[in-house]
Amino acid sequence: MDFQLTADQRALRQGVRDLLARRFDREALRAAVDAGGELDRDLWRALGEAGFFALRLPEAEGGVGLGLPEAVLLFEEAGRALLPGPLIDTHLAAGEVKGAAEGEVVVTAPYGHFVEHLGDADVIVRADKDALNGAMKVRSVDPLTPLTRLSRRTPYPYPPEAVLLTAAEQVGTAARTLDLAVQHACERVQFGQPVGGFQAVKHLCAQMLVRVETARTAVYAAAVTGTAVERAAAKLLADEAAVRNARDCLQVCGGMGFTWEADVHLHLKRAWVRAGRGPSKAEAEEELAAALLGDPA
Amino acid sequence: MDFQLTADQRALRQGVRDLLARRFDREALRAAVDAGGELDRDLWRALGEAGFFALRLPEAEGGVGLGLPEAVLLFEEAGRALLPGPLIDTHLAAGEVKGAAEGEVVVTAPYGHFVEHLGDADVIVRADKDALNGAMKVRSVDPLTPLTRLSRRTPYPYPPEAVLLTAAEQVGTAARTLDLAVQHACERVQFGQPVGGFQAVKHLCAQMLVRVETARTAVYAAAVTGTAVERAAAKLLADEAAVRNARDCLQVCGGMGFTWEADVHLHLKRAWVRAGRGPSKAEAEEELAAALLGDPA
Amino acid sequence: MDLAYTPQEEEFRTELREWLARVLPGLPERPDPLDWPGRRAYDTTWQRMLYDAGYADLQREATPTQHLIFLEETERAGAPYVGANFVGLLHAGPTIAAEGTPEQQERWLPPILRGDEVWCQGFSEPEAGSDLASLRTKAVRDGDHYVVTGSKIWTSHAEVADWCELLVRTTPVTPDTPKHKGITWLAMPMDAPGITVRPLRTLAGSTEFAEMFLDEVRVPVANRVGAENDGWRVTMVTLSFERGTAFVGEVVACRRTLAEVAREARTNGTWDDPAVRRQLGRLNAEFMTLWRLTQWNVSEAQKTGGVPGVGGSVFKLRYSHARQELYDTAAEVLGPDAFDLDHDWTLDRLSSLSYTIAAGTSQIQQNIVAERILGLPKGR
Amino acid sequence: MDLAYTPQEEEFRTELREWLARVLPGLPERPDPLDWPGRRAYDTTWQRMLYDAGYADLQREATPTQHLIFLEETERAGAPYVGANFVGLLHAGPTIAAEGTPEQQERWLPPILRGDEVWCQGFSEPEAGSDLASLRTKAVRDGDHYVVTGSKIWTSHAEVADWCELLVRTTPVTPDTPKHKGITWLAMPMDAPGITVRPLRTLAGSTEFAEMFLDEVRVPVANRVGAENDGWRVTMVTLSFERGTAFVGEVVACRRTLAEVAREARTNGTWDDPAVRRQLGRLNAEFMTLWRLTQWNVSEAQKTGGVPGVGGSVFKLRYSHARQELYDTAAEVLGPDAFDLDHDWTLDRLSSLSYTIAAGTSQIQQNIVAERILGLPKGR
């Protein structure tokens, strides 16, 4: 047993982090917000070139030939950077939809009552021909995720890999909001000391770390084992970690966190939107409960 | 509107508190624990003389002629002092069962799957003749509340006043465990200061106070209005305040709180037993939910 | 201990209801939230109507219970909120009433009550939030003026205010002058040269608040309320006593919203999930009791003339949390609509996020409760 | 990143299983919990069996993963717990192994591994709980002995122990000698005159722990491990590194209990309440992940030879909370049985209350995580 990142996996993660720092820095993020989540096609192609979409495509088919454990590392970084776009749908479409692997096309797909980034999408998958009949763009709570509301719930289930990759993105948000909270707590001085010196702030941050570590472990484990029940656990814990950490980050940052200029609200809103993908909390819990009546662990 | 205690009500509360301090001090409490909750008949008669049981009986029938608002003050004090015995059943039986009002007899009644203090009881009410067939004494989690398990659930509902008076007892436990926590936090020195100087301890205590004030208000309001929905709110909030405050008191008191000699466990165990009386959390919530669909508040 | 209203109170309520029924239909349309002059005009028109009807100065002319009835009935009737008159009626006005000279009271109070003049509040600063007393905006005496330089934040209605109740530092912090001692309270005319107001966008996308930059703004010394360097005490006189009425309208509104959420749940089928239903039931207990707690606090104020603000901390801790839970539950009931900013509850959910932060974070409130009510020691 | 066991690890597991299947049926009956000599005999018999089979010194002879497998399999097979050998095997022993002289190691380690000698721990004191370093039990040098006076608390197995790993103060606290600097580690023979052991009853009604009163107990200087006044460092060497295996058996046991609670819910009908069901599902996610987190930490220790104890704080924070939730849920499922001390889960619920307190309260653990992992500043 070696349930630790390999050297290759660590290098992969660092590579993506560096790429995103270069190609999607804070300035680019705020520009994307101002653009209402409109996609930067150059960036999309850069992601394609870096293997973001082709990661799990066999090498024989021009892909990188890696697996879900590597994919969750990528999507955690995407979540951390608040990278916009139907990343998961395009990633899943690599090898199926021409140009997806290379980042030449943007692929989206309906889930539940919504399609994300419909305006920017070149291809829509998992949709029958009249899926978009009567669909209406809504004023999305997440400025980085344009949402179109379907006239009826899509009958296609959210793919299992998409559930897991969404959970990985949530871990990215949980981790990043912890970083933001810690940074603020070390820098902001009130009552003559950094607010991070106060136990109440310390303990908020400590619990945020506990959530990150737990959710990340669940996501990694689900990526390695690929079982439905571990995936449900990963989704449940990662949704909770992302939403609660973003909330706690806001609390730590106080008034400053409540401004539009602070990034924390972008994480919170994205975490809400991601939690709406795939099984709900209740559905995940039901799946996990049912598993208890099977063979004892 | 004058939703404050009257001078008479304050005097009544102080009177009961003084009586219990005199007749049921800490030594008596620990003696009762050692006696496995066996009742002190002298104390029972003293309670009777003080009007504890006859409180709501009309003066014409030899009672004190007061109402539920006064009764909840009494039972809050009883809860605070961890006074043992089927106080509520005997109080409700005053005027119905001879000698109950005076504290000459001990009256108990089944609820759910249990009868409390069966061994000490002179009279059992709300029970048909074969209610006790096959009943068995259990090793009660609460050393001050002997429990007998019925062979089947009693068909008699727990009386509305009993629900409210139980909630009042829970407020007593919530308030008393706050006192214990604050006392410990002021006296116990660690790392060169009273532990109450640490924010984490402060905030635990502050939330305990918030629970006490909220639950107490709910109980008083239910006593004044007498409505089913306010009673459900009182039960819900008081159960939660009692159990969570006892838990938090234990956390504040640390290792010392974990010993048998500390009183906090007696409060926690009693709070668990009381929460088992009358509507469950789910039942109370359902009643409160149903009320939302009635006339808007 | 009772919850019944006296005949006098019932009469006050009846007359108020009749008046509301008569005047509300004649009100103009509500202005667009982005139309600041329109909002000012709307809010001051309403204040003038209250003034003419004798409801303008409830803080002083009515009992706490009547005040509660006023807030309850106006909320139920869908009357306008205090809006732009908030600071004048509830902060600056009471401060001037308590600590101002007769001339100052005569100058400033009537226009507030009539809705002629609007006030804003210049207390918080970018570096002084929870630690308000560490404020740095500096006022230097120059003849019969103070020359004020610094910046303020979270200033509501700054764009349309006539006056700003401003806290400034008149003596630098030194070992001999602790931070609370060198602060002075000034009434700053908002048309004075050197004031720049910049809207501050919140995470809800709105610009309810502003930043205010002060560059050598000259404020007459005559506009100082209380003594120089005594501004902290002057401010706390108002802030630390209340009548328990601060959240009356909001609690009434939350209870109405909760009932609406329950009906929405019933309509869209989420009601059939016992977990959703019970959560709604739990919130009913919560807000029903917050209402009773309000009545308790108002009754206490009625008896004593005003209650220490620490009791308000208990209320605010519970209420701010309950309010956030309410809108999280509303989002769960709404499902997909919760992602749509055109649904009121989505915006309300976003703005409810400030409740555990603004006007004293929950952490600060817990310190207050622990130290001032429970007597726990200040730590190292 | 994988969760598969290597062929060597699988072989270790298979051999262990075979051995357990062979020897467990031959074990004597479990002694009564109040029969201390019986419990000692039972626990040391088991330790001797492990020794003879080569499983006694896994801390040094096996990899962390093998150690995890050992703890997992013995728990699943219902083998005895480490019991009375806990302190010897997991605290005193490793300390002596790391810091003792060759003679000390020769004297004390083999009897621990063989189950010949039982150790207890004399660290905590009535006035030194979370703040362990403020301990006051005093040792005064008298020739080649220390004369020890003071009192200790929470000493498990004190009644039947041969040795006590004792922390004593050899230099009083002064401005020049901070509290961590004057502490010394001693091995105290439990048959020395002057030791009084008094059972300490917990809220669960059990007497797992004892208080220990020391009245001029003479301990040879030769029994000191490490230098005089260096006892804090000596102790921390052991306490601050771990292999991630501390809670392996408990997590396995909790997962089994959770499945039993689910089956009980199914049997008694509470399963039909979605709220109960989902809470069980939530706990499944919790404990499944705590198991994965254990495997993560053990894998890290396997790579690095041992991990800093702060990682254990993260685990303990989550685990102690989850364990308490598990038994609260069990009580909800049990209904009336939850009030019956004859039901195992009722007692387990009571003892689970100590998990957020013992071995570093959750508050202390959060400080550790915040300061040592996240780098937040120490406050005033």
Side-chain angles (χ1 to χ4, degrees), chain A residues 1-6 9 69-70 73 178 181-182 185-186 191-194 196-199 201-211 213-218 220-225 229-230 232-237 281-282 284-297, chain D residues 1-6 9 65 68-69 252 255-256 258-263 266 271 274 276-293 295-296 298-300 302-303 311 313-315 317-318 362-363 365-371 373-380:
Chain A
M1 182 185 69
D2 182 18
F3 190 38
Q4 288 277 302
L5 298 194
T6 63
Q9 288 168 335
E70 287 76 22
L73 300 178
L178 171 58
V182 168
C186 289
F191 304 104
Q193 68 173 356
F198 292 102
Q199 244 185 8
V201 173
K202 257 181 214 173
H203 291 191
L204 278 173
C205 292
Q207 288 297 340
M208 290 172 80
L209 180 69
V210 171
R211 280 184 219 117
E213 297 283 324
T214 313
R216 184 184 279 141
T217 301
Y220 287 0
V224 170
T225 66
V229 64
E230 298 229 24
K235 180 68 167 40
L236 185 69
L237 299 186
K281 178 169 177 287
E285 285 169 349
E286 291 282 3
E287 169 141 26
L288 285 152
L292 283 173
L293 295 179
D295 287 329
Chain D
M1 189 159 67
D2 76 65
L3 284 158
Y5 293 91
T6 64
E9 289 162 353
T65 303
L68 173 136
I69 292 169
V252 171
R255 296 188 73 188
R256 188 182 52 232
L258 177 60
E260 285 165 9
V261 174
R263 284 194 293 275
R266 187 62 179 262
W271 182 262
V276 169
R277 220 161 51 219
R278 289 178 205 163
Q279 172 62 10
L280 290 167
R282 214 223 116 70
L283 285 168
N284 194 16
E286 204 64 39
F287 283 104
M288 190 184 290
T289 305
L290 284 165
W291 178 244
R292 295 309 189 196
L293 195 52
Q295 291 177 308
W296 180 267
V298 167
S299 294
E300 187 180 350
Q302 178 107 347
K303 270 207 161 119
S313 292
V314 170
F315 184 91
L317 279 166
R318 189 89 181 196
S362 290
Q363 282 71 32
Q365 304 286 355
Q366 289 176 118
N367 286 348
I368 291 172
V369 168
E371 291 169 11
I373 305 183
L374 297 176
L376 290 174
K378 281 189 181 285
R380 267 174 316 186

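These numbers come from the heavy atoms of this one structure, side chains and all, not from hydrogens, waters or symmetry mates. Labels below follow one simple rule: chain letters A, B, ... track the order of the sequence lines, proteins then strands, and each chain is numbered from 1.
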*Asks:* Given heavy-atom pairs under 4.5 angstrom as the criterion, report whether the side chain, backbone, both or neither of A/Leu5 touches chain D.
*Replies:* both

*Asks:* Relative to chain A, which segment of D/Ile373 carries a heavy atom at a distance below 4.5 Å: side chain, backbone, both, or neither?
*Replies:* side chain

*Asks:* Can you tell whether the side chains of A/Glu230 and D/Arg292 come within less than 4.0 Å, N to carboxylate O?
*Replies:* yes

*Asks:* Return the orientation label for the A/Phe3 and D/Trp296 ring planes: parallel under 30°, perpendicular over 60°, tilted otherwise.
*Replies:* perpendicular

*Asks:* Does any backbone or side-chain atom of A/Arg216 lie under 4.5 Å from a heavy atom of chain D? Answer side chain, backbone, both or neither.
*Replies:* neither

*Asks:* Side chain, backbone, both or neither: which part of D/Gln302 has an atom under 4.5 Å from a heavy atom of chain A?
*Replies:* neither

*Asks:* On a heavy-atom basis, which atom in D/Ala370 and which in A/Ala206 lie closest, and how many Å separate them?
*Replies:* N-CB, 4.4 Å

*Asks:* So, the side chain of A/Asp2 versus the backbone of D/Met1: is there a donor-acceptor pair under 3.5 Å, distance only?
*Replies:* no

*Asks:* Measure distances from D/Trp291 to the heavy atoms of chain A and classify the residue's part below 4.5 Å as side chain, backbone, both or neither.
*Replies:* neither

*Asks:* Charged N to carboxylate O under 4.0 angstrom, A/Lys202 versus D/Glu371?
*Replies:* yes

*Asks:* Heavy-atom cut-off 4.5 Å, strictly under: side chain, backbone, both or neither for A/Glu213 against chain D?
*Replies:* both

*Asks:* At a heavy-atom separation under 4.5 Å, does A/Leu204 approach chain D through its side chain, its backbone, both, or neither?
*Replies:* neither

*Asks:* So for D/Arg256, is it side chain, backbone, both, or neither that comes closer than 4.5 Å to the heavy atoms of chain A?
*Replies:* neither

*Asks:* Could you pull out the closest heavy-atom pair between A/Cys205 and D/Leu376, with the gap in Å?
*Replies:* CB-CD1, 3.8 Å

*Asks:* At what distance, to the nearest 0.5 angstrom, does CZ of D/Arg318 lie from OG1 of A/Thr217?
*Replies:* 10.0 Å

*Asks:* State the CD-CZ distance between A/Glu285 and D/Arg282, to the nearest 0.5 angstrom.
*Replies:* 6.5 Å

